[in-house]
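For clarity, every value in this text was computed on a predicted model and none was experimentally measured. Position 1 is the first residue of the sequence; numbering continues from there.
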Amino acid sequence: MPFQRLGHQDSDNGVGLGLAVAKGFIEAMGGELTLDDTAGGGTTMIISLRVAEPRS
């Protein structure tokens with residue numbers, strides 16, 4: 001289930017779509033979104049995109 005929020009059931013703000021939408025856009029451009037734990041708590045999101053070829 002891509003649209004869920006964990007640990008925020010008491011919040012009325014948002015529906016948890018942001019990360020799923022961002023991942024969809026990044027993958028549509030041939031990129032990759034990966035997650036990593038952040039020291040001290042939290043999450044680091046890493047976006048990898050291809051470099052565009054220069055036009056001739």
Side-chain angles (χ1 to χ4, degrees):
M1 191 170 154
F3 309 134
Q4 66 181 12
R5 296 179 62 169
L6 300 176
H8 292 91
Q9 291 83 8
D10 59 342
S11 175
D12 292 334
N13 298 330
V15 292
L17 293 173
L19 185 55
V21 170
K23 186 174 189 251
F25 280 132
I26 292 164
E27 289 178 350
M29 293 185 287
E32 182 179 26
L33 174 68
T34 56
L35 305 176
D36 196 9
D37 290 333
T38 302
T43 302
T44 299
M45 296 177 197
I46 303 161
I47 299 171
S48 302
L49 295 171
R50 296 178 293 168
V51 175
E53 295 291 327
R55 293 183 181 182
S56 322

Selection residues 41-56 - residue pairs positive for salt bridge (charged side-chain N to carboxylate O under 4.0 Å, His left out), sequence neighbours left out
none

Calculate, to the nearest 0.5 Å, the distance between atoms OG1 and CE belonging to T34 and M45 respectively.
10.5 Å

State the CD-CG distance between E32 and L49, to the nearest 0.5 angstrom.
10.5 Å

Please determine which of T44, T43, I46 meets the side-chain contact (heavy atoms from CB on, under 4.5 Å) test together with L35.
T43

